[in-house]
Amino acid sequence: MEEEKPQRLMCTIVAVDATSDFSYIVCSVCEKPLPSTNALCKFCRRNAVRPGSFGSKRLFRLLMSIASDSKVSRVICFDRAAKVLFGCSAEEFVDFAKLHPFSRLNPFLLPYFFGYGFGLSRLAANAGRILEGEMFQMTLSKPKNGNAEHLRVVSIVPLRSGYRPVIESLKELYEVHVAL
């Protein structure tokens, strides 16, 4: 069976799903998915008790709706392509949510919300609003895993010359100033 070639298209981001997990935890050695940050990797076992091991790290996984000139599609954008959109790693994005009080609600309310807490969900929703309407050239490919249902974003290039990554816009929105 012949494998289909990736398709390149110009499109607009219609929506970013802020209700689903926008990131996931992987082993920092072999990058296989882990159930949690404290879980031991069952594949490489190198981060179990090894001194100096980094354990796990967080990678992006964004579910988005995009519109081209001919159709609207749901696609999934993994870490490498998502870093172009966000201008930072998933770990840095989570840290930003933890460190800035304007991106969160009252911490006593957090146990009533699911996932990472409402602060991160709110930040992810704001990130989605920042990306909505932006135009990109995307290269999409069919998933290699037969069970996967969404096209994969292989590469992404902003088409607007003044495009600013999400983290820069969020820093401006939350009035975070970085000292040089």
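- Residues M64 and L85 meet the side-chain proximity criterion, which asks for heavy atoms closer than 4.5 Å.
- Of the inter-residue distances, the one linking S141 atom OG with R152 atom CZ reads 7.5 Å to the nearest 0.5 angstrom.
- The nearest pair of heavy atoms linking A82 to C77 is N-SG, 3.5 Å.
- To the nearest 0.5 Å, atoms CD1 (I66) and CG (L140) are separated by 5.0 Å.
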Take K142 and L151 through the side chain to side chain contact (heavy atoms under 4.5 Å, CB included) test and state the conclusion after the steps.
-> CA-CA 5 Å; K142 296 240 182 220; L151 290 171; 4.2 Å; yes
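- Taking S155 as the reference, T139 meet the side chain to side chain donor-acceptor pair (under 3.5 Å) condition, with sequence neighbours excluded.
- The two atoms that bring V14 and A67 nearest to each other are CG2-CB, 3.6 Å, heavy atoms only.
- Taking the ring-ring contact (aromatic ring centres under 6.0 Å, His included) definition, one finds that Y163 meets it with F136, sequence neighbours left out.
- Scored by the side chain to side chain donor-acceptor pair (under 3.5 Å) test, E168 finds no partners at all (sequence neighbours excluded).
- Atom-to-atom distance recorded for L9:CG and S68:OG is 5.5 Å, nearest 0.5 angstrom.
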Side chain to side chain contact (heavy atoms under 4.5 Å, CB included) assessment of V26 paired with D79 | CA-CA 11 Å; V26 298; D79 198 63; over 6 Å; no
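- The two residues R58 and E91 make their nearest non-hydrogen contact at N-OE1, 2.9 Å.
- Scanning both residues, L63 and R74, for their nearest heavy atoms gives CD2-NH2, 2.5 Å.
- Using a 4.5 Å heavy-atom cutoff, the side chains of H150 and V75 are not in contact.
- A 4.5 Å side-chain heavy-atom check between V153 and L62 finds every atom pair outside the cut-off.
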Salt bridge (charged side-chain N to carboxylate O under 4.0 Å, His left out) between E134 and R160, worked out | CA-CA 8 Å; E134 285 287 349; R160 187 166 58 94; 2.6 Å; yes
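- One hydrophobic cluster, built from ILVMFWY side chains closer than 4.5 Å, holds both L131 and V84.
- Distance check, rounded to the nearest 0.5 Å: NZ of K83 to CZ of F78 gives 14.0 Å.
- Side-chain contact between F86 and I167 is absent, with no heavy-atom pair separated by less than 4.5 Å.
- Shown here for F60 and A90, the closest heavy-atom pair between the two residues is CE1-N, 3.2 Å.
- Heavy-atom minimum distance, V16 versus G128: CB-CA, 3.8 Å.
- Residues M138 and I13 have side chains in contact (heavy-atom distance under 4.5 Å, counting atoms from C-beta outward).
- With rounding to the nearest 0.5 Å, the separation of CD1 in I156 from SG in C11 is 6.5 Å.
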